[in-house]
Structures are given as structure tokens and as C-alpha cells.
2 protein chains.
Amino acid sequence: MTDLWVIHYSTGYCSVRKGARVPTVSDVAARAGVSTATVSRALNGKPTVDPDLAARVRQAADDLGYQPNGPARNLRRQEAAVVALIISDVENPFFTAIARGVEDVAHEVGYSVVLCNSDESVEKENRYLDIAIQERVAGVILSPSGPTSTVAKLASRGTAYVAVDRPLPGQDSDVVLVDTRLAAREATAHLIAQGYERVGCITGPAGVRTADDRLAGYRDALKAARRRTPKLVRRTEYKAAGAHRAALDLLAQPESPDALLIANSVMAVGVLQALQEQGVRAGRDVGLVTFDDAPWAALVDPPLSVVAQPAYEIGAVAARLLLARIADATRPPTATTLGARLTKRASSRRH
Amino acid sequence: MTDLWVIHYSTGYCSVRKGARVPTVSDVAARAGVSTATVSRALNGKPTVDPDLAARVRQAADDLGYQPNGPARNLRRQEAAVVALIISDVENPFFTAIARGVEDVAHEVGYSVVLCNSDESVEKENRYLDIAIQERVAGVILSPSGPTSTVAKLASRGTAYVAVDRPLPGQDSDVVLVDTRLAAREATAHLIAQGYERVGCITGPAGVRTADDRLAGYRDALKAARRRTPKLVRRTEYKAAGAHRAALDLLAQPESPDALLIANSVMAVGVLQALQEQGVRAGRDVGLVTFDDAPWAALVDPPLSVVAQPAYEIGAVAARLLLARIADATRPPTATTLGARLTKRASSRRH
DNA sequence: TTGAAAGCGCTAACAA
DNA sequence: TTGTTAGCGCTTTCAA
């Protein structure tokens with residue numbers, strides 16, 4: 001496989017820069033003819049330093065190409081102006097939109113964001129949490145991959161954190177959620193109102209709150225419409241492959257569904273593939289509503305009805321909460337719930 | 001806007017953990033009844049330590065919930081087992097696939113990956129490069145956002161780095177590319193062979209190598225087919241909005257194109273939207289080939305013909321090169337070029 | 001095999 | 001306003 005792709009491989013000569021000693025405060029101090037303390041003060045914009053001296057120091061730093069040593073600074077300061085964002089799937093547009101929200105807010109106040117992809121795996125999440133602790137980041141924003149998340153260690157060390165998208169069981173932390181149970185209920189009610197008879201649901205793993213809530217909302221709607229709950233629910237990983245299998249399985253049932261509620265856009269890809277393979281026409285043979293308004297949702301055939309979540313806002317709100325908590329660890333934790341919006345397109349319109 | 005979405009906001013009580021002193025090597029040493037040197041050796045798996053002692057140390061560390069202080073360690077070691085990956089767009093599946101490739105390889109050998117989104121902005125890229133230098137990461141993998149990238153400072157400090165997707169002008173570094181000029185030529189030739197008469201091209205900004213190369217390949221094909229180059233080329237940011245405008249502009253031309261080569265999948269979203277708005281039927285009125293096999297490419301109407309790039313492989317190869325360079329800075333730089341594959345679907349089939 | 005001690009580069013308390 | 005100096009927590013000589 002790999003070799004097939006490689007069509008060209010060339011090597012050149014190397015221009016190593018050997019013995020490139022990295023300049024330190026001392027070097028800058030020597031060049032500017034001041035003490036290291038003054039360099040530190042000048043470079044950190046402290047007001048108690050003579051403007052002329054400050055300028056000389058900055059000049060010297062520039063000349064030398066000085067870049068502060070982060071580990072040394074963080075060691076001394078006992079904190080880094082960095083927040084870690086641990087998301088459960090980099091390939092899900094919902095989470096990348098959250099990342100943008102976090103970044104924009106954090107950058108405004110001089111914080112950097114490092115993005116970690118836990119890939120829906122509690123092990124990887126745990127590993128990144130350890131790294132975040134070890135690197136002594138100022139705070140962590142995360143979408144917990146499962147009910148067994150080990151964020152408790154953040155709390156016990158006093159590291160600030162905020163949960164997004166999914167709450168932390170038994171954890172009394174700041175959290176930013178979406179009322180997806182209500183949204184799922186509305187979406188399902190919409191399908192029923194369109195005249196679909198056997199509405200199914202493909203959702204995420206048990207114990208993942210969004211998956212459970214979307215299923216609960218789906219059941220709420222069925223109950224309200226006095227439908228008996230059919231055996232048309234499938235749970236799987238939040239991935240395309242799992243949803244693909246789930247869809248094939250549902251289609252093979254004797255009483256297969258004539259409509260589906262799908263719990264996220266990554267799953268929707270798998271479902272649409274399955275329908276295509278089976279020659280089932282989406283929107284005609286099977287009505288569809290999926291969570292998340294992916295960039296491509298309106299472009300598929302037929303355009304997908306979606307539950308749009310305010311992903312960017314989630315990230316922005318979470319970042320603001322985190323910064324507030326970093327500034328004041330004693331403030332009471334808040335729970336913010338944002339609303340979602342059902343966008344009706346052709347995939348759920350009865351023909 | 002924001003307020004509209006907020007439907008619930010509650011506050012609870014806070015359980016702050018005050019004065020939670022973080023355990024250090026000294027604490028572990030005291031508890032295990034050994035010196036800090038032995039703790040360090042034991043925890044780092046050095047062979048020169050008595051197994052019994054080592055066990056006692058590990059036990060003590062566990063009891064205390066000890067986590068090494070990263071900044072202190074990195075300060076002492078003068079290097080962190082971290083690589084920075086700076087990509088030009090987190091919302092582009094091509095780059096997130098690269099990220100997975102990098103992560104998988106890096107994790108195998110105990111390196112962590114931090115992801116930075118330069119958002120196609122040289123300023124942000126520059127900022128992240130500074131952070132990478134300051135944090136003294138072991139190496140950097142980046143897709144340069146433009147020709148004015150400032151990676152030179154990495155070289156001058158001896159920090160290892162690898163360029164992916166786009167080369168660094170005048171830079172003699174490891175680089176992993178795709179032969180997209182050839183791929184663009186094949187894709188364009190395919191459109192011509194299908195009988196399209198006025199093939200246009202929407203590509204990225206001048207100076208971004210992939211954008212230039214894809215345009216060059218497009219022109220290669222036109223020349224080979226003895227077509228005079230029509231005024232059907234548009235350049236814009238690598239974003240949906242830019243491509244949307246470009247497509248509308250092209251459609252408004254007196255001699256508007258009957259086929260388009262689109263330089264990436266993010267742009268394809270904008271183009272498809274534009275076509276939809278103008279009531280132009282993709283694949284019927286206008287033939288389409290786009291770069292990158294996004295997850296949704298086969299699901300739109302009609303399924304998109306694409307130039308599939310080996311994104312995951314690019315990341316994996318780049319990570320291996322970076323690790324090799326970290327281990328040996330004197331090895332000659334290599335240029336690896338991978339091939340792309342044209343996948344023909346309905347959007348480029350002449351009816 | 002273990003311990004004592006130095007020092008990585010920076011910032012902040014204290015002195016001048 | 002500036003300089004001197006201690007020390008953040010770790011690893012790593014060097015000695016025992």
C-alpha cells in the first residue's frame with residue numbers, strides 16, 4: 001500500500017547548524033549592558049523600567065534572536081499560559097468548530113491552545129490528561145469520551161477544567177451542554193408528523209451522555225405520539241463504520257425502518273453509504289434527520305435535515321468559563337445549556 | 001445570536017481543593033526513604049537501581065499521586081518528548097487525516113503531538129512557531145501557509161522540522177509532498193476526454209505551492225490537448241467562501257465553463273453551494289473534479305470525482321522523517337513525493 | 001548501587 | 001529604577 005503511493009524519493013545535502021548555542025537572558029543582559037532581572041522585567045513589559053533601557057534590551061533580544069525558554073519560565077512561574085483542549089474526534093466537524101471557538105477566545109487574552117485528539121478512547125484521553133497535568137497547563141477543556149473518565153485527578157490537583165458536550169458523572173465542574181434530548185424529541189416528532197411509520201434511531205455508546213440523551217428524546221417523541229417503541233434502535237461507536245453496520249442491520253430487519261434519527265454527522269456518512277449500497281433512496285424510501293450541520297449536509301442527495309448545534313459558541317463559552325475559573329478557583333461551578341435548531345431539508349420531507 | 005441559543009444557565013456550589021500541594025520528587029523520596037536521585041532513576045527505568053527499591057519508589061509515587069513536573073524535567077533535559085504539528089486548516093479533512101498519521105507514529109515511540117491550527121494565516125503560523133521554539137519541542141511538522149513562512153528560525157536554532165503538503169521555498173529540509181501537478185493534469189485530461197469544451201479551474205492563492213502546481217497541471221493538460229487557455233481560472237483563499245465567490249464569478253462569464261477542476265474539498269463545498277443556488281446541475285451542466293476524497297464526496301449529488309491524496313501516509317512518513325532527524329541532525333534531507341489517484345465518479349461523466 | 005550537590009533559565013523578593 | 005541572589009523541580013555528574 002505505502003509503496004504503491006511512493007513515486008519519488010530523493011536525498012540532498014544537509015546544512016546542519018552545529019553548536020548553535022541558544023541565547024539566554026544572560027546573553028541579552030550582557031549585550032544590553034544590564035542585569036538579567038532588568039531583561040526579564042523589560043521583556044515582560046513591567047512598568048518599573050526605564051523606557052530607554054527597555055528599548056535597548058528589546059534591541060539586544062532581537063539582535064540575538066532571543067526566545068524565552070518556556071520550561072524555565074513555567075517552572076519559575078508555576079504555570080503556563082496554555083490551555084489543553086481534549087476532543088473526542090478531530091475528524092468530526094462539530095468538534096473542530098468547538099476548537100475554533102476556544103482558540104479565538106483564548107488567543108484574545110494571550111493564551112495558547114493545544115489540541116489533543118482522544119479519538120473516543122478513554123485510554124488516550126487519560127494519557128492526554130496526564131500530559132496536561134505534567135506540563136502544568138493553566139486549564140483543560142474536554143469532551144469526556146466515556147463515563148469512566150479520569151478527570152478527577154485534575155480536580156484533586158486544583159487544575160481548572162470545563163467539560164463540553166458531555167457532562168462528567170458525579171463531577172461538580174463547569175459544563176457547557178446542548179439540550180439534545182429536546183432536540184432529538186423535536187426531530188423525531190417532525191419525522192412522525194411527516195407520516196413516517198417506523199422511525200428508527202442510530203446512536204452512540206451507552207454511557208456517553210449525548211448518545212443516551214438523543215435516544216431518550218427519540219423515545220419521548222414516540223411515547224408522546226403513542227407509538228409502541230419498535231426494535232429499531234441501534235447503538236454503536238460514534239464512527240462511520242459502526243453506523244454503516246448498524247444501518248445494514250436495520251435494513252435487513254423484517255420490519256425495517258422507513259425513517260432514521262442519526263446521532264451525529266460522522267455516523268450519517270456511514271448510514272448514507274449503507275443506503276447507497278443497498279439501493280435504498282434516502283429521503284424517498286427512508287426519511288432522515290441527523291445531528292450536526294456538517295458543511296456538506298445541504299449538498300448530499302437529498303439535502304439532509306439536521307439538528308444544528310451551536311458548536312463554535314460552545315467552545316467560546318467554555319473558554320470564557322475556563323479563564324474565569326483560572327482567575328478565581330472559588331467561583332461556583334456553572335452549567336450552561338445551549339439550544340439546538342432543527343433545520344428541515346428534503347431528506348425528511350414525505351413525498 | 002449568542003443569547004438566542006442559551007436556554008438554561010444554572011450555578012451550583014463549588015468544592016475547591018485549597019492548598020492541594022503538588023507532590024515532588026522530594027516527597028516521593030522521603031516516603032520511600034531514599035534520595036531524590038534514586039527516585040529519578042527508578043521512575044525513569046534506569047537499570048542501575050535495585051529492584052526492591054524501585055518497587056518501593058513506584059509505590060510511594062502512586063500513593064502520593066505523583067506526576068513529574070514537565071517544565072522542570074524539560075528544563076533539565078533541554079528537550080521535551082513532544083512534536084508540534086502546525087496545519088493550515090483543522091476543518092479540512094485532508095489535514096486532520098495527516099494529523100492521525102503523525103499521531104499514530106509519534107505515539108508508538110512515546111512522543112506526544114500537539115496540534116496547532118494556523119488557519120492559512122502566516123501570522124498565526126508564525127505565532128505557533130514561536131511557541132514551539134519557546135516550549136523547546138523536539139520537532140515540528142508543518143504545512144506552510146504561504147511563501148513567506150518564517151521556519152528559518154527553526155533551522156537557525158537547530159530544531160528539527162519537516163514540511164508536508166507544501167515545500168519551503170529555499171529551504172533545504174525534509175519534505176513530504178504529493179505530485180499534484182501530474183494529478184491535476186490527469187484530472188483535466190479526463191475532463192477533456194469526456195468531451196467538456198471549456199474546462200475552468202478554481203485554485204488557491206499564488207505562492208502556495210499546491211495551488212500553483214494544480215494550476216500548472218491544469219494548463220499542462222490544456223496545452224497537450226491543444227486548447228487555447230481560456231480565461232476560466234480563478235484564484236482565491238483555500239476556503240469555501242472564496243470558492244463560492246469564484247464559482248459565481250465564473251458562471252457569470254459570457255463563455256462560462258462547462259467543467260471545473262477544484263483544488264480542494266473545502267473549496268468544493270463552496271462551489272457546490274454556488275451551483276445549487278444558480279440552479280446549475282453539477283455533473284450535467286458542469287462537469288466536476290475536485291482534489292481530496294472527503295468522507296462525503298461520494299454522497300453528494302452527483303457523486304464527486306476526486307483526486308485522492310494519501311493524507312494519512314503523508315503524516316506517517318513525515319513523523320518517521322522527523323523522528324529520524326531528531327535522532328540524527330546530520331542526515332541528509334530527503335524529499336518524498338507520493339502519488340495521488342484519480343477516482344472517477346458521476347460528476348465528471350459526460351451524459 | 002546509592003547519595004550529595006550542582007545547575008538547567010527564568011522570575012521575584014529583597015537591597016541598594 | 002536597577003542589581004543581587006535565591007530557588008522553582010528535575011536529572012546527572014561525581015564520589016562513596
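In what follows, every chain begins at residue 1, and chains take the letters A, B, ... in the order their sequences are listed. Model, not experiment: these values are computed from the prediction.
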Discussion item. Go nucleotide by nucleotide along DNA chain C from the 5' end; which of A:Pro68 and B:Ala37 gets its closest nucleotide reached first?
Written reply: B:Ala37
Worksheet item: When the nearest nucleotide of DNA chain C is assigned to B:Val34 and to B:Arg136 on a heavy-atom basis, which residue is associated with the more 5' position?
Response: B:Val34
May I ask you to evaluate whether [X] reaches the phosphate of [N], defined as a side-chain N or O under 4.0 Å from OP1 or OP2?
X: B:Gln78; N: C:dG9; answer: yes
X: B:Thr38; N: C:dG3; answer: yes
X: B:Asn74; N: D:dC10; answer: no

Among the candidates [options], find the nucleotide nearest to the side-chain atoms of [X].
X: B:Thr36; options: C:dT11, D:dC10, D:dT11; value: D:dT11
X: A:Thr24; options: C:dT2, C:dC10, D:dT1; value: C:dC10
X: B:Tyr66; options: D:dT4, D:dC10, C:dA4; value: D:dC10
X: A:Ala72; options: C:dT1, C:dG9, C:dG3; value: C:dG9
X: A:Arg77; options: C:dT11, C:dC10, D:dT1; value: C:dT11
X: A:Arg41; options: C:dT11, C:dA5, C:dA13; value: C:dA13
X: A:Ser40; options: C:dT11, D:dT11, D:dT2; value: C:dT11
X: A:Leu75; options: D:dT11, C:dG9, C:dA4; value: C:dG9

Fill in: Touch class at under 4.0 angstrom, heavy-atom based, for B:Thr48 against every strand present
base
Discussion item. Strictly distance-based, threshold 3.5 Å: is any side-chain N or O of B:Gln67 a donor or acceptor partner for the main-chain N or O of A:Ile133?
Written reply: no
Discussion item. Looking at B:Arg166 and B:Pro144, would you say the former's side chain and the latter's main chain have a donor-acceptor pair under 3.5 Å?
Written reply: yes
Item to complete: For salt bridge (Lys or Arg N to Asp or Glu O under 4.0 Å), just list the numbers for A:Arg209 and A:Asp165, CA-CA rounded to whole Å, side-chain angles, deciding distance to a tenth of an Å, and then say yes or no.
Response: CA-CA 9 Å; A:Arg209 178 68 145 267; A:Asp165 187 47; over 6 Å; no
Item to complete: Look at the side chain of A:Arg76 against the base of D:dG9 and say whether a donor-acceptor pair falls under 3.5 Å; ignore hydrogens and angles.
Response: no
Once you round it to whole Å, what is the distance between [atom2] of [N] and [atom1] of [X]?
X: A:Arg56; N: D:dT2; atom1: CZ; atom2: C1'; answer: 12 Å
X: A:Lys46; N: C:dA13; atom1: NZ; atom2: C1'; answer: 13 Å
X: B:Glu79; N: D:dT12; atom1: CD; atom2: C1'; answer: 16 Å
X: B:Gln134; N: C:dT11; atom1: CD; atom2: P; answer: 10 Å
X: B:Asn44; N: D:dT13; atom1: CG; atom2: P; answer: 13 Å
X: B:Arg73; N: D:dG9; atom1: CZ; atom2: C1'; answer: 11 Å
X: A:Asp27; N: C:dC10; atom1: CG; atom2: C1'; answer: 13 Å

Item to complete: Identify the residue among A:Asn92, A:Ile314, A:Val176, A:Val164 that makes a side-chain contact (heavy atoms from CB on, under 4.5 Å) with A:Ser143.
Response: A:Val164
Fill in: Verdict with reasoning, A:Asp89 to B:Arg100, per salt bridge (Lys or Arg N to Asp or Glu O under 4.0 Å)
CA-CA 10 Å; A:Asp89 183 5; B:Arg100 299 197 95 99; 3.7 Å; yes
Worksheet item: Are the charged groups of A:Asp174 and A:Arg320 less than 4.0 angstrom apart, N to O?
Response: no
